[in-house]
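Okay, so here's the structure we're looking at.
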Amino acid sequence: MERTKTEDKLIFSGVQPTGNLHLGNYLGAIRNWVDLQNNNNCIFCIVDLHAITTSENRTQILQNTREVAAAYIASGIDPQKNIIFVQSNVAGHSELSWLLSCHTPIGWLNRMTQFKDKAGKNKEKAPLGLYSYPVLMAADILLYKSTHVPVGEDQKQHLELSRDIAQAFNRYYNKEFFPVPEPVISGNATRLMSLKDGLKKMSKSDPSDQSRINLTDSADVIVKKIQKAKTDSDPFPLNHDQLTNRPEIKNLINIYSTMTDLSVDEIIKKFNEKDFKIFKNELSDVLVDKISKISVEMKKLLTDNIYLDSILKNGCEKAEKIANKNIRDLKSLIGFFGV
Ligand code: AMP
Ligand code: TRP
């Protein structure tokens, strides 16, 4: 891609095709990309190689890949202005992952909390790919010499590792080969919580569908999920202090705030003394207005695989061009034969 927008910026981000795309994915990541695409060159990836690091996500990859592509487009990402593509279609991701892994001390990976959470007690049986997942993520970003990475809060540690790897590599070869990528973790929806438990992250893998608003949920389902969302028996908060130790209420107010651009203070002012039901009804209205539109558009796009596949094929060709050049330059820098 010729960098036609802001000369020195290249935005890269990705979502795993693991099904159940939810409001957290939208507000924490995808929605921010829609704003970024106007003034920046952007690459949005569907990271299927990451999805296969856990056994439960190895089924339905093809369908889930198209679903993420549809979600990107339905959310407002313009496939003409940006590159949308599938990670496994560009060989450079796996290749660079190996090259970077040779420059990544094991101690850095041992600190990754996501591996500890996902591997659980049985670390010895966890796949090597789950352990080296953050190196592949660094490869995704650095393959394109990306400068900015908009993600949710849960990816912060992985991004710090990507920065460390870029710096270590540059230092070793005494060349500013990779830009050191900046995390873009912005807004107040960077960590949306479960609708059933305000201390748990809203997640694709939560067995309870009631814990999240899916991007494919219909208006009726959204209304029901918000009605049933956990609250407590206290009245709507009258001030910030009354949000302490009320994670579920905080989360719902945060969602409302992100969707409407009203500050938490403005929301407290608007709803205090009112019944929780009134707040929940208005929250449902704003969610239905936005999310069910995305849902309808996604469903429409998903009936047209020829269109979706052509976007992904086209994106792959553009991504490959950048990737191949950077891999060639990198191999030459390392000093491999035949470059
Ligand atoms: P994943 O579903 O793990 O591929 O995540 C895709 C993007 O959504 C990443 O940028 C995540 O940081 C973001 N994300 C996932 N869950 C949440 C959440 N509960 N709140 C905010 N952002 C999230
Ligand atoms: N690990 C990210 C997640 O689970 C997905 C991801 C893979 C990613 N490669 C990336 C995000 C590169 C940003 C940039 O959400």
Side-chain angles (χ1 to χ4, degrees), residues 10-33 36 42-54 56-57 61 64-65 67-68 71-72 75 83 85-88 90 92-94 96-97 100 112-115 117-118 129-130 132-163 165-166 181-206 211-215 247 250-251 254-255 258 319:
L10 181 62
I11 313 287
F12 185 98
S13 199
V15 170
Q16 301 183 63
T18 43
N20 296 338
L21 275 174
H22 55 75
L23 190 65
N25 298 132
Y26 177 67
L27 293 180
I30 303 172
R31 193 177 88 145
N32 299 331
W33 308 352
L36 287 165
C42 300
I43 305 180
F44 300 120
C45 189
I46 300 164
V47 288
D48 55 351
L49 296 174
H50 279 104
I52 63 166
T53 53
T54 49
E56 61 270 27
N57 293 325
I61 292 199
N64 290 339
T65 295
E67 190 180 300
V68 176
Y72 286 179
S75 301
I83 298 178
F85 80 106
V86 182
Q87 185 186 31
S88 66
V90 177
H93 291 259
S94 306
L96 183 55
S97 182
L100 295 180
M112 297 294 113
T113 55
Q114 187 173 293
F115 173 75
D117 293 346
K118 286 199 176 170
L130 186 64
S132 60
Y133 174 117
V135 182
L136 178 60
M137 180 160 162
D140 298 339
I141 297 164
L142 300 177
L143 182 59
Y144 302 93
K145 299 194 174 186
S146 315
T147 60
H148 292 77
V149 186
V151 282
E153 174 80 31
D154 58 351
Q155 297 304 312
K156 200 170 169 189
Q157 196 185 35
H158 289 160
L159 280 179
E160 274 157 16
L161 182 80
S162 300
R163 290 171 61 83
I165 294 175
E182 292 288 335
V184 183
I185 301 173
S186 57
N188 52 3
T190 56
R191 189 175 172 82
L192 241 60
M193 308 311 276
S194 154
L195 299 179
K196 290 276 146 206
D197 177 350
L199 298 175
K200 249 169 75 183
K201 193 180 72 167
M202 187 180 284
S203 156
K204 289 168 174 173
S205 56
D206 194 315
S211 69
R212 61 182 167 261
I213 304 282
N214 297 311
L215 293 188
K250 217 167 157 179
N251 188 42
N254 250 344
I255 296 175
T258 314

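From a predicted model like this one, the values you see are computed outputs, not experimental measurements. In listed order, ligands and their atoms are each counted from 1.
- Listed by number with element, the atoms of ligand 2 under 4.0 Å from a non-hydrogen atom of Tyr133 are 1 (N), 2 (C), 3 (C), 4 (O).
- Close approach of ligand 2 to Phe12 is summarised as follows: ligand atoms under 4.0 Å from at least one heavy atom of the residue are 12 (C), 14 (C).
- Taking Ser88 as the reference, Asp48, Leu49, Val86 meet the side chain to side chain contact (heavy atoms under 4.5 Å, CB included) condition, with sequence neighbours excluded.
- Proximity to Gln155 (heavy-atom distance under 4.0 Å) selects the following atoms of ligand 1: 12 (O).
- Electrostatic pairing of Asp154 and Lys201 counts as a salt bridge here, judged by a charged N lying under 4.0 Å from a carboxylate O.
- Close approach of ligand 2 to His50 is summarised as follows: ligand atoms under 4.0 Å from at least one heavy atom of the residue are 7 (C), 9 (N).
- If you look at Val15 next to ligand 2, there are no close heavy atoms at all, none under 4.0 Å.
- In the vicinity of Val149, heavy-atom distances shorter than 4.0 Å reach the ligand 2 atoms 13 (C), 14 (C).
- Considering both main-chain and side-chain atoms, His158 never comes within under 3.5 Å of ligand 2 through any nitrogen or oxygen pair.
- With a 4.0 Å heavy-atom cut-off, ligand 2 is reached by no atom of Gln87.
- No heavy atom of His50 sits closer than 4.0 Å to any atom of ligand 1.
- Atoms of ligand 2 found under 4.0 Å from any heavy atom of Ser13, numbered from 1 in the order shown, are 13 (C), 14 (C).
- Heavy-atom contacts of Ala29 reach the following atoms of ligand 1: 7 (C), 8 (O), 10 (O) (cutoff under 4.0 Å).
- Only the backbone of Thr190 comes within 4.0 Å of ligand 1, judged by heavy-atom distances.
- Checked against a 3.5 angstrom limit, the closest N/O atoms of Gly152 and ligand 1 fall inside it.
- Contact annotation for Met193 and ligand 1: no heavy atom of the residue comes within less than 4.0 Å of the ligand.
- Ligand 1 has a nitrogen or oxygen under 3.5 angstrom from a nitrogen or oxygen of Gln16.
- Atoms of ligand 2 lying under 4.0 Å from any heavy atom of Val151, numbered from 1 in the order shown and given with element: 11 (C), 13 (C).
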